[in-house]
2 protein chains.
Amino acid sequence: MKKEVQELIRQSSLFREVNPDIFDKVLETCVARSVEEDGFFFMQGDPATHAYVLVEGRVKMIQITPSGQQITMRIMTPGQTYGGIAMLNPRAGYPATAQAVEDSIAMAWDTSHLRELAGKDPSISLNTMQLMHGYISELQDRQQALVTERVEQRIARVLLKLAAQSGKRTDEGVLIDLPLTRQDVAEMSGTTLFTVSRTLNEWERSGLLKIGRERVVICSPHGLVSIADDLAER
Amino acid sequence: MKKEVQELIRQSSLFREVNPDIFDKVLETCVARSVEEDGFFFMQGDPATHAYVLVEGRVKMIQITPSGQQITMRIMTPGQTYGGIAMLNPRAGYPATAQAVEDSIAMAWDTSHLRELAGKDPSISLNTMQLMHGYISELQDRQQALVTERVEQRIARVLLKLAAQSGKRTDEGVLIDLPLTRQDVAEMSGTTLFTVSRTLNEWERSGLLKIGRERVVICSPHGLVSIADDLAER
DNA sequence: GTTTGTCTTTGCGCTGGCGCAAGGAGGGAT
DNA sequence: ATCCCTCCTTGCGCCAGCGCAAAGACAAAC
């Protein structure tokens, strides 16, 4: 295994600060898994047998409603953990589907190994709880946003968050370094692709950002922030 | 401490299946706390120093948005755990406010005791994770509902959930045994008290339920379910 | 170069649900 | 009995955002 990969795992939210001896075990017990663009690591409802740390690529977590509508929960970047629920109970189903947005590689640990490791080093349990806690806060924030904020604000937030985790400085501004369709943004902000399209175009007209096919460059992060926080004049 | 209270704690989601020896310690290290109607156990943002198991009364978890709007996350009944986040990190703030809906009594454990106990019996950590997991599912469901469902469905869901956890059979139907204002329902379903009022009245007219001041009796749970699942003709 | 498929824009109509204001109604307290 | 406070209802106006349809733009494949 490459040094960088080891380093990524060592700093992942699942295994950070694990005792070095145990960490060797961690490295021994994992399995690499690669999935190509649009492929799936697992589907919502599958038995939660493995936890993953993303090593390369981008993976999105999505949910499908009974009526077939899709909502995108989050987009993972290398170093992030998903499927951590496997820690708990292999019979439990994954709560969401993990789909690769680009060709991706992840390391995987199965439930039995995880539990064994957690028994040897309690910080793994603590890390998992920390992870879950972070996830809970995120969900709460989103829920709050959905109830209280208007669509415009929510779209602004989504873009800012994406920029924070996948942003890339360019001379035009901050490029969101992902193939990102209007539909994707709509799913993340809880609206429709039409509204997203209209909103982004309006923002482009006022110079806040530049858009292209599956491409967004944020020119004025400040402007977006003030929309997200509802400081903008209407 | 009364036997019933001990039993309640033994079966609480936080301490279930804890080793009997350790459980004695659990009982020793807790503190009772009572809060009268409308009082607070803790406020959002306070350092998370204690985890609670509700023993008597009803407690609601609420969040306040920056703009002052309130949203109600859930209503706890005796035996349920809240503030479990204290397990993790006493410096972290509580993510929500815990307010007594009626005069209430809860047992409390502080972070240091919790961690000590968790060190002695790993099932406490597992329970906490299980707890968090349940919470995550709940949040995800709600989020899904908020994005994809119409107000009517969401109100129906809220009522059904309340009935499930605080329902009481009467000759008229299932009474939701809580002082429940239209405002409360609105906060739980992410809408306004006006819309709730209108909707409930419409349902009363069609015989699905009976309403009074701070009072709801569900006459036809089936009818509500079919609205919640959108099987109803519009 | 042309085709094909996916992604995007835009116009138009529509409506669910919000906001507000004004009034009603129950239930404690004094 | 009366007052007061909180909770509830209802009418009316309004608009943000959705749904759909049709057409345009881009990229990749052939």
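Each chain gets a letter, A, B and so on, in the order the sequences are listed, and its residues count up from 1.
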How close or far is atom [atom2] of [N] from atom [atom1] of [X], stated in whole angstroms?
X	N	atom1	atom2	answer
A:Leu200	D:dA25	CG	P	18 Å
B:Asp184	D:dT6	CG	C1'	13 Å
A:Glu149	C:dC18	CD	P	16 Å
B:Gln183	D:dC8	CD	P	9 Å
B:Leu193	C:dG19	CG	C1'	11 Å
A:Gln153	D:dA16	CD	P	13 Å
A:Ile211	C:dT10	CD1	C1'	13 Å
B:Trp203	D:dC8	CH2	P	16 Å

Where does the angle between the aromatic ring planes of B:Tyr52 and B:Phe41 fall among parallel (under 30°), tilted (30 to 60°) and perpendicular (over 60°)?
perpendicular
Could you work out which one of [options] sits closest to the side chain of [X]?
X	options	value
B:Arg205	C:dT8, D:dT10, D:dC8	D:dT10
B:Arg198	C:dC18, D:dA21, C:dC7	C:dC18
B:Phe194	D:dG19, D:dT10, C:dC7	D:dT10

It should be established whether [X] places a side-chain nitrogen or oxygen under 4.0 Å from OP1 or OP2 of nucleotide [N].
X	N	answer
A:Asn201	C:dT10	yes
B:Ser197	D:dT9	yes
B:Arg182	D:dC8	yes
B:Thr191	C:dG17	no
B:Arg150	C:dG16	no

With heavy-atom distances below 4.5 Å as the criterion, would you say the side chains of A:Ile211 and A:Arg182 are in contact?
yes
Less than 4.5 Å apart, any side-chain heavy atom of A:Gln143 and any of B:Gln143?
no
Salt-bridge present (A:Arg157, A:Asp141; N to O < 4.0 Å):
no
Using a strict cut-off of less than 4.0 Å between a Lys/Arg side-chain nitrogen and an Asp/Glu carboxylate oxygen, indicate whether A:Lys210 and A:Glu204 qualify as a salt bridge.
no
For the atom pair CD1 (B:Ile75) and CG (B:Leu54), what is the distance rounded to the nearest 0.5 Å?
11.5 Å
Measure across B:Ala145 and B:Arg154 and return the closest heavy-atom pair with its distance rounded to 0.1 Å.
O-CD, 3.5 Å
Review item, nucleotides 3-6 of chain C N/O atoms under 3.5 Å of protein N/O:
{"residue": "C:dT6", "atom": "O2", "partner": "A:Arg213", "partner atom": "NH1", "Å": "3.4"}
{"residue": "C:dT6", "atom": "O2", "partner": "A:Arg213", "partner atom": "NH2", "Å": "3.0"}

Whichever of A:Leu180 and B:Thr195 has its nearest DNA chain C nucleotide further upstream toward 5'
A:Leu180
